[in-house]
6 protein chains.
Amino acid sequence: MVNNKRKVSTGIQSLDKILAGGLNRGDTVLVAGQPGAGKTTLGLQFLYSGATKYGENGVYVTFVESVDKLKRDASKFGWDFEELLKEKKVSFLDLMQTTGEKGVEANFAVIMNEVELVGAKRIVIDSLSAMTTYIKTKAEARTFMLVMNRLLENAGCTSLLLLEVPWGKSDIGSGFEEFVADGLIVLESAIDGFRVKRMLFVPKMRGVNHDLSCYDFFISSDGIDVSPIPTSRKR
Amino acid sequence: MVNNKRKVSTGIQSLDKILAGGLNRGDTVLVAGQPGAGKTTLGLQFLYSGATKYGENGVYVTFVESVDKLKRDASKFGWDFEELLKEKKVSFLDLMQTTGEKGVEANFAVIMNEVELVGAKRIVIDSLSAMTTYIKTKAEARTFMLVMNRLLENAGCTSLLLLEVPWGKSDIGSGFEEFVADGLIVLESAIDGFRVKRMLFVPKMRGVNHDLSCYDFFISSDGIDVSPIPTSRKR
Amino acid sequence: MVNNKRKVSTGIQSLDKILAGGLNRGDTVLVAGQPGAGKTTLGLQFLYSGATKYGENGVYVTFVESVDKLKRDASKFGWDFEELLKEKKVSFLDLMQTTGEKGVEANFAVIMNEVELVGAKRIVIDSLSAMTTYIKTKAEARTFMLVMNRLLENAGCTSLLLLEVPWGKSDIGSGFEEFVADGLIVLESAIDGFRVKRMLFVPKMRGVNHDLSCYDFFISSDGIDVSPIPTSRKR
Amino acid sequence: MVNNKRKVSTGIQSLDKILAGGLNRGDTVLVAGQPGAGKTTLGLQFLYSGATKYGENGVYVTFVESVDKLKRDASKFGWDFEELLKEKKVSFLDLMQTTGEKGVEANFAVIMNEVELVGAKRIVIDSLSAMTTYIKTKAEARTFMLVMNRLLENAGCTSLLLLEVPWGKSDIGSGFEEFVADGLIVLESAIDGFRVKRMLFVPKMRGVNHDLSCYDFFISSDGIDVSPIPTSRKR
Amino acid sequence: MVNNKRKVSTGIQSLDKILAGGLNRGDTVLVAGQPGAGKTTLGLQFLYSGATKYGENGVYVTFVESVDKLKRDASKFGWDFEELLKEKKVSFLDLMQTTGEKGVEANFAVIMNEVELVGAKRIVIDSLSAMTTYIKTKAEARTFMLVMNRLLENAGCTSLLLLEVPWGKSDIGSGFEEFVADGLIVLESAIDGFRVKRMLFVPKMRGVNHDLSCYDFFISSDGIDVSPIPTSRKR
Amino acid sequence: MVNNKRKVSTGIQSLDKILAGGLNRGDTVLVAGQPGAGKTTLGLQFLYSGATKYGENGVYVTFVESVDKLKRDASKFGWDFEELLKEKKVSFLDLMQTTGEKGVEANFAVIMNEVELVGAKRIVIDSLSAMTTYIKTKAEARTFMLVMNRLLENAGCTSLLLLEVPWGKSDIGSGFEEFVADGLIVLESAIDGFRVKRMLFVPKMRGVNHDLSCYDFFISSDGIDVSPIPTSRKR
């Protein structure tokens, strides 16, 4: 269990090991995956473990799923967010209603305000794809993401940005997010023989001598669990 | 046979089992498939079983096929919708004639009105692709779908949104629908050796520890029947 | 030989068998195929058998080939359309000269007028691709096709819409035609080893428990003949 | 050697055999091939044999190669076009200099004028791709090609339209030419093991019970020669 | 060693053999290749051998690499261009600075002027891709290339137009250059097992009964050397 | 260890060997790679070795990662940039904040000013992709890159331009950068069986008889280390 100043636990022991101890404090890390890959579960697990084991408050920003459904999803794993919400250790920020082209900066201001109120050290944005859907050009989206990452780092937040990979695609975002972010965790859910197989690998983590292997992972009743033994991934 | 408050049966026992008991009440679930995959049959079966076995009224919204043909299709399976229509347990809403760019919101208002009139707890939209064909940008379509899902959930409806996958493609919609929806059921009809083979799998179902295997399914004289044993799917 | 009220023979016995007795009366069915696949031959055979065996008049609408060449093609199979034309049992409608963006609705009006004059119960449109070439957006083309199908059904016509699949492609139309139509018959002419091999399969036929196998077919001196035994189709 | 009224020899005996006796008189046939495939040679051979063996005058329209180079190419095969030019049995029409968007109809008028002057029964357009390069939409190009084919047929011309297939592609034109034309002859020049292999096949020829096999062909000192025995074509 | 009036040596004996004696005088030939394929080396070798062995002056036009670097590259092979420059047998024309949309015709005028000044019989344009980068439509680029080729032929020049094939692509230019040019020489540099393998083949050379095989080639201290024995090229 | 006037060491002995002694002085070389491929590490190693072993000052320009994170990354390898910064041997130029379409030329002016101040002989731009993101057309980006390369060469700088290859792609930039640059070093990080495998190869290096093999490389505690023995790369 890591808890030093430079490393932030993901809440998943075997993933921390792949990352040579956890995420770098202040980093902004993409979590990319297809529908049902487990991105939301990873995000909830990251916040829940932060608030309950490491004394780090968190904010979950949703542009995709209602807060009620998020709580319902979490309760399946025995994660009691109601209690944490009462203790103001975690906040759910529902920005699904906010729409329109000018909303991106406004939304981000609301997020930073919530981060300050909660004293958050961890943030999950679900999803970067949804948040930036109204930005018209790749250049503007890149600039927005650069500014956002810097402000989150300045606020002392370690951030997970969930990124939607459409079913049947392997492209990640618009081709720049992976370069602007400090790290990239890929959750794959490819059909392999009789079933959908879940795999995790980390192609990039700045300043970390991370493990380059692929790992099977499972969503059990305790949340995400990554196999400690590498797996084979055919193309 | 499920009938508790949190779970809604699909009307297909083996599919309910894959979904760990059925759909979550209030969820909006995509049913994606190529032409002839059985999407319409699944939708009719969902409504018919709801009205006859679970006391849940339903609305079938069609932008694609005439109501006469839908009834003809259903009668092949011995599903007597005429009776249900008389008893006002089910309603067919024909929106094929409605066209034009501004019709999307207007259409949705007509749908919600019908849901209220019928006291529907189940709704099928055939198809989301046809309903949103006049929406120009992905961002606007995403916003529309978010709002629709929320209103359907608030009305207590469990919803199936049929999604058209063109022959020879594996992409699902425009790449965001699968993330906005609570779940995704894929009906595949790939040519395999001598014949078109039908397969079903569930890549995503929020808050459900669903089965990740692929299953053969058949369209018999009783409707859709999913094999209880997983099948192999080559790519 | 089928001739009941609900079923319409295609004129090809083995194809009728695949379709569990023939086409549904009033349906609009796509016939998709690459150049030389036999779409025109299938269309001519459908009309000729209708007029000579089943007492059903027909209209052949051409946007592609001159009527002289159509007659020449048909005479190779011993189908004497001159006689049928004199008896006003069949009509060839040449719309090749009609062009321009506003022509689509005008063309359709001409077609419906001809259907009424001939008292046609069968119609072939050669091709849907050519007919809709000036429609600018997919949404408008979808709306046009929905309206056309409904009017043809109301007129009591069973319709074949020929659809052009460019050489080397497997996409069918713009990705919506196959959903709007009641059925889809695919004529494949893939190169396999030493020769172009002809195959037929039916991915979709609404309300029909159709055969899902692939079949070799041949263009003999009597027209199209489908093998009664399924064939293997590699990808 | 065919010379009846309904059939037109291509000038290549084995190709005539594949076409069940030759081209249909009045047909417009695409000859598609990659650079170096032999399209120009086939075109020159068609005109030369027509003028010397069958008493049919011809016009070669070039948008691509200068007339001097065409004559140089032909002389390699011993085809003396200088003599035929003097006797006004053949004409070379150089339209390379004509450019601009409005030139297509003007160019076609020049071509039809030349056809009349020469009394041509055969015409080669090298290439359709170059001729229509300034037409902006597919719909307009389709309309132009329909009109051109009809006028050429009315003038009693049997026509070869050469179509450029870029290296590394297998698409043919813009996806409609193959449907508007009466026939399609494909010249393939794929790299196979140690060398570029030349193959010919005929996917489409209206009203002809043509051979569906693939054939090797060679460019010898006498011009194009097609092997009488089918060959295997792997994909 | 060829030096007759109709044939122009490439400066590479084994390539001349593939071309049945060399290039046709006055032809415009594309040399297509990925980065590092050896296009520039082939161009320099063509000019150097022309000026030193065959008494033919030449112009090297560069839009890509500085003249200093070109001389540095050439000196590695022992080709002393300084001497040839002094004797005015060869000229390097640096057009890298010339930019903007209207520059294409202006640039070409500068080139033709230099050709006249030097009395050049050989010209290399490095690269056609760079020269035409500001031309907006394919139709205009085609027209420009047609005019350029004709003027170069009229000036008695045999021309190599270098064409950039991006890494990982096999398309050649915009799909028309290969048809407008008289010939096409492809330099391939594909990764094969442990190393990048260099191969050369000639898909097209008008009026030449050229060799259709693939050949390994090497860049040795004497320049490009093509293996006399064909090689296998897997796809 | 190279240190002559014409060759510049990359700081990695085995890479210098592949390059026949190192980079050419004054060259602009692309380093292309996917996220996590090691581009930044290679850039830092190039500058650190230059300043500490070869007496060549350097500038690191970042549009992507904050200077703090760059220093943190470097310190993992024991590269003490703080000391070099104090001694004014190296400068980090943070241009992340500069945005907008007109910034490209302005940014480059700032860079050239810094090069002069530091007396830099080595420069790393991280990344070319980010720097040129606001340039709208390929033609303008090509012109900008040509001018930049020339000015960097005139200033006596040997330059590494880092180029972002999105995950799952193999295209390099927009298809022209590889031709404008003097060289191209590709860092591949493909998934192969159980793990991400790192490989390096050099498809292009002007005027260098470079090694064409593929090599495994590793990121150890001393930085990038390239295997001296070639490796196999399957496609």
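All chains are named by letter (A, B, ...) in the order of the sequence lines, taking the proteins before the strands, and each is independently numbered beginning at 1.
Listed options B/Glu164, B/Gln34, B/Lys76 were ranked by heavy-atom pairs under 4.5 angstrom with chain C; first place goes to B/Glu164. Among the candidates C/Met145, C/Glu140, C/Lys169, the residue making the largest number of heavy-atom pairs closer than 4.5 Å to chain B is C/Glu140. Across C/Lys138, C/Arg206, C/Lys204, C/Glu178, the residue that shares the most heavy-atom pairs under 4.5 angstrom with chain B is C/Arg206. Heavy-atom pairs under 4.5 Å with chain C were tallied for B/Ser66, B/Pro35, B/Pro166; the largest tally goes to B/Pro35. For the set B/Ser129, B/Ala130, B/Ser221, B/Ser220, the count of heavy-atom pairs under 4.5 angstrom toward chain C peaks at B/Ala130. Per-residue heavy-atom pair counts under 4.5 Å with chain B were compared for C/Ile172, C/Asp27, C/Val186, and the maximum is reached by C/Asp27.
Heavy atoms of B/Ala74 lying under 4.5 Å from chain C are absent altogether. Contact of B/Ser127 with chain C is made through the side chain alone, with heavy-atom distances under 4.5 Å. When heavy atoms are compared at a cutoff of 4.5 Å, C/Glu153 approaches chain B solely by way of its side chain, counted from C-beta outward. For C/Asp211, no part lies under 4.5 angstrom from a heavy atom of chain B.
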Could you check B/Glu65 against C/Val180 for side-chain contact (heavy atoms from CB on, under 4.5 Å), going step by step and ending with a plain yes or no? CA-CA 7 Å; B/Glu65 196 176 355; C/Val180 176; over 6 Å; no
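Nearest heavy atoms, B/Lys69 versus C/Gly26: NZ-O, 3.6 Å.
Side chains of C/Thr137 and B/Tyr134: a donor-acceptor N/O pair is absent below 3.5 angstrom, by distance only.
We find that B/Asp68 and C/Arg150 are not joined by a salt bridge, their nearest charged nitrogen and carboxylate oxygen being 4.0 Å or further apart. Contact check on B/Arg72 versus C/Asp182 returns no salt bridge, with no Lys/Arg side-chain nitrogen under 4.0 Å from an Asp/Glu carboxylate oxygen.
C/Phe201 has its ring centre less than 6.0 Å from the ring centre of B/Trp167.
Between B/Lys197 and C/Leu212 the shortest side-chain heavy-atom distance does not fall below 4.5 Å.
The distance from the CE atom of B/Met96 to the CG atom of C/Asn149 is 7.5 Å, given to the nearest 0.5 Å.
In C/Asn209, the CG atom is not crowded: 12 or fewer heavy atoms of neighbouring residues, nucleotides or ligands sit closer than 6.0 Å.
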